[in-house]
K.L.:
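For reference, the structure I am asking about is given below.
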Amino acid sequence: MPPDDLYKFDRSETLMARARKVIPGGIYGHKSPVLLVPGAYPSFMARGEGCRIWDVDGNQYIDFMCSYGPIVLGHKHPRVEEAAAAERSRGDSYNLPGEVWVELAELLVDITPAADWVVFAKNGSDVTSWSLAVARAHTRRNKAIMAAGAYHGAHPWCSPIPTGITDADRANVLTFRYNDLDDLRRVVAENRGDIAGLILCPFRHDAFHDEEMPAPGFHQGVREICDEEGIVLVLDDIRAGFRLHLGGSGEVLGLRPDLICYCKAIANGYALAAGLGREELRQAALGVFFTGTFWTATVPMAAAIATINTLREEGGIEQMEAMGSRFRQGLDQQTRSLGLAINQTGPPAVPFMTFDADQGSFERSRLFCGECCRRGVFVHPIHNWFLSAAHTEADIDEALTVTEVAFRIVKEHFGS
Ligand code: PMP
């Protein structure tokens with residue numbers, strides 16, 4: 001494609017200039033442009049359909065970020081939209097929950113071997129913080145353990161940026177090295193009898209890092225340590241949930257947790273989070289004060305029921321795995337023939353790719369992802385990617401024609 005045909009972002013830039021005047025930074029958090037490549041990405045989106053999204057300048061992209069996870073069936077999935085519209089035609093937010101509150105809880109309990117009950121909220125951070133409160137209520141202990149560098153949300157105990165947070169907010173949070181059972185045993189031994197809960201993602205998917213799967217025996221060891229020490233084991237399945245297994249990612253990765261945290265993909269883009277638990281923790285959950293203004297809204301719950309049933313009936317998880325594998329193989333072939341060394345990590349439905357020669361600098365990743373984006377393939381240089389069940393072989397093959405060009409540009413620029 002000649003350079004003149006590359007995407008332009010005039011309207012995005014105008015909107016961003018307006019945004020900067022009235023919103024600190026224009027866009028903040030994980031969707032801030034500072035994490036992307038200046039000039040190569042839009043800042044504002046206009047619409048989405050299936051695995052395609054359009055920005056405010058009318059540029060079209062094949063979407064490999066899926067709203068950073070929520071869009072698991074594709075944008076505007078007809079069955080989900082129909083269920084949400086039917087619910088919305090009657091209302092959404094009442095003095096009390098609707099029937100869908102019960103129906104969705106029953107469905108989640110039905111598909112989740114590790115869970116006997118469910119609570120609902122809005123954001124992932126709501127349920128990760130809640131899970132530790134339940135662990136504390138159950139054990140009457142104070143401390144929690146997490147893997148160093150893992151992301152569990154934006155609340156003070158776990159926010160990756162400490163600005164505005166006090167030492168006291170973090171005083172009860174301990175860390176251990178992911179995949180290192182000896183280190184976990186050391187932290188547990190040093191705090192014996194004080195640890196209420198251990199919170200763990202199904203695999204390591206920290207930003208700025210290759211993904212890392214649990215080593216053989218790691219999950220089993222974690223479960224044994226928690227059982228021996230009376231520690232509540234929480235699976236933070238917010239990022240990977242509903243992409244690897246409908247019963248929770250622990251089911252494919254050999255981990256039976258005591259509590260599960262879901263958010264992102266549960267309702268195909270509608271705002272909903274869920275905390276699931278085992279029978280033994282029901283009483284503790286009952287004691288924890290947990291509520292929020294919009295938490296009983298019925299439209300996202302109707303959307304979640306439709307999302308889960310569609311994934312189940314239409315083989316969405318298998319489709320994401322197949323398309324993620326096709327994309328991965330294509331990237332492998334392209335880089336092998338160009339003599340570029342890449343690392344492809346994580347499960348095919350939640351993949352990530354880095355360049356060996358970058359050695360953690362992400363220079364090649366930024367050039368590669370920027371060149372993809374300005375040609376219509378939305379991938380991210382420092383955050384893992386996401387497949388949806390709407391990606392088809394034709395979409396993957398079309399995306400690969402763009403990645404081929406972007407890899408050549410990396411090769412020309414860096415030589416290796
Ligand atoms: N845990 C994990 C693993 C996540 O990926 C996220 C969101 N990126 C969260 C917790 C927090 O979710 P939220 O942003 O909805 O609060």
Side-chain angles (χ1 to χ4, degrees), residues 27-32 35-36 64-72 119-135 144-161 165 169 173 175 178-179 197-214 219 222 233-245 248-250 253 255 257 259-276 290-295 297 300 303-304 307 345-347 349-352 380 382-387:
I27 303 172
Y28 46 82
H30 65 296
K31 293 179 183 175
S32 162
L35 294 172
L36 292 166
F64 286 97
M65 289 307 290
C66 299
S67 180
Y68 290 72
I71 305 300
V72 69
V119 297
F120 297 110
K122 280 289 135 195
N123 290 289
S125 309
D126 297 335
V127 281
T128 53
S129 296
W130 159 89
S131 71
L132 298 186
V134 173
I145 315 185
M146 58 179 271
Y151 186 71
H152 295 298
H155 286 183
W157 68 269
C158 58
S159 165
I161 312 265
I165 288 162
D169 291 319
V173 182
T175 57
Y178 185 75
N179 258 341
L198 184 154
I199 184 163
L200 192 65
C201 294
F203 54 94
R204 186 176 184 192
H205 48 47
D206 313 349
F208 295 100
H209 206 282
D210 286 326
E211 292 184 296
E212 191 179 337
M213 299 310 284
H219 276 167
V222 168
L233 175 49
V234 181
L235 179 67
D236 176 350
D237 211 3
I238 287 165
R239 195 165 318 172
F242 303 101
R243 275 195 166 76
L244 307 191
H245 193 285
S249 302
L253 294 171
L255 189 70
L259 295 170
I260 302 176
C261 300
Y262 282 135
C263 182
K264 289 184 183 284
I266 192 168
N268 202 47
Y270 286 83
L272 189 68
L276 282 65
F290 192 54
T291 191
T293 299
F294 297 110
W295 290 12
T307 300
T345 50
V350 192
F352 192 41
H380 199 295
I382 56 109
H383 189 289
N384 69 262
W385 309 342
F386 297 88
L387 272 288

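Numbering of ligands and ligand atoms starts at 1, following listing order. Start at 1 with the first residue, then count along the sequence. These numbers come from the heavy atoms of this one structure, side chains and all, not from hydrogens, waters or symmetry mates. Here the structure is a predicted model, which is why all the values come from computation and not from measurement.
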K.L.:
Out of all atoms in ligand 1, which are within 4.0 Å of some heavy atom of N123? Include the element for each.
P.N.:
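Counting from 1, the qualifying ligand atoms are 15 (O), 16 (O).
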K.L.:
Considering residues at least two apart in sequence or located in another chain, which fulfil the ring-ring contact (aromatic ring centres under 6.0 Å, His included) criterion with W157?
P.N.:
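Expected list: none.
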K.L.:
Which atoms of ligand 1 are found less than 4.0 Å from any heavy atom of D236?
P.N.:
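Every atom of ligand 1 under 4.0 Å from some heavy atom of D236: 1 (N), 2 (C), 3 (C), 10 (C).
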K.L.:
What about R239: any of its N or O atoms under 3.5 Å from an N or O on ligand 1?
P.N.:
yes
K.L.:
List every atom of ligand 1 that sits less than 4.0 Å from any heavy atom of H205, numbering the atoms from 1 in the order shown and giving each element.
P.N.:
3 (C)
K.L.:
I'd like to check whether T128 has a polar contact with ligand 1, where a contact means an N/O of the residue lying under 3.5 Å from an N/O of the ligand.
P.N.:
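By distance alone, the answer is no.
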K.L.:
Looking at G153, which atoms of ligand 1 are within less than 4.0 Å of one of its heavy atoms?
P.N.:
10 (C), 11 (C)
K.L.:
Tell me every residue that passes side-chain contact (heavy atoms from CB on, under 4.5 Å) with A297, counting only those two or more places apart in sequence or in another chain.
P.N.:
D92, K122, P300
K.L.:
Is there a side-chain contact between P347 and M213 (heavy atoms, below 4.5 Å)?
P.N.:
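Side chain of P347 against side chain of M213, heavy atoms only: contact under 4.5 Å found.
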K.L.:
Quick check: do F203 and E212 have side-chain heavy atoms less than 4.5 Å from each other?
P.N.:
no
K.L.:
With a heavy-atom distance limit of 4.0 Å, tell me whether Y151 approaches ligand 1 through its side chain, its backbone, both, or neither.
P.N.:
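Near ligand 1, Y151 shows its backbone as well as its side chain.
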K.L.:
Is the ring pair F386/H383 parallel, tilted or perpendicular, if the boundaries are 30 and 60 degrees?
P.N.:
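Tilted, since the angle between the ring planes falls between 30° and 60°.
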K.L.:
Evaluating non-hydrogen atoms only, which member of V127, I199, I238 is closest to atom 9 (C) of ligand 1?
P.N.:
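Among V127, I199, I238, the closest heavy atom to atom 9 (C) of ligand 1 belongs to I238.
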K.L.:
State the atoms of ligand 1, each with its element, that fall below the 4.0 Å cut-off from a heavy-atom position in S125.
P.N.:
11 (C), 12 (O), 13 (P), 16 (O)
K.L.:
Can a donor-acceptor pair be found between the side chains of D236 and T128 at a distance below 3.5 Å?
P.N.:
no
K.L.:
Would you call F352 and H380 a side-chain contact if the rule is heavy atoms closer than 4.5 Å?
P.N.:
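Counting from C-beta outward, F352 and H380 never come under 4.5 Å.
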K.L.:
Under a 4.0 angstrom heavy-atom cut-off, which atoms of ligand 1 come close to H152?
P.N.:
1 (N), 10 (C)
K.L.:
Can you list the ligand 1 atoms lying under 4.0 Å from a non-hydrogen atom of K264?
P.N.:
5 (O), 7 (C), 8 (N)
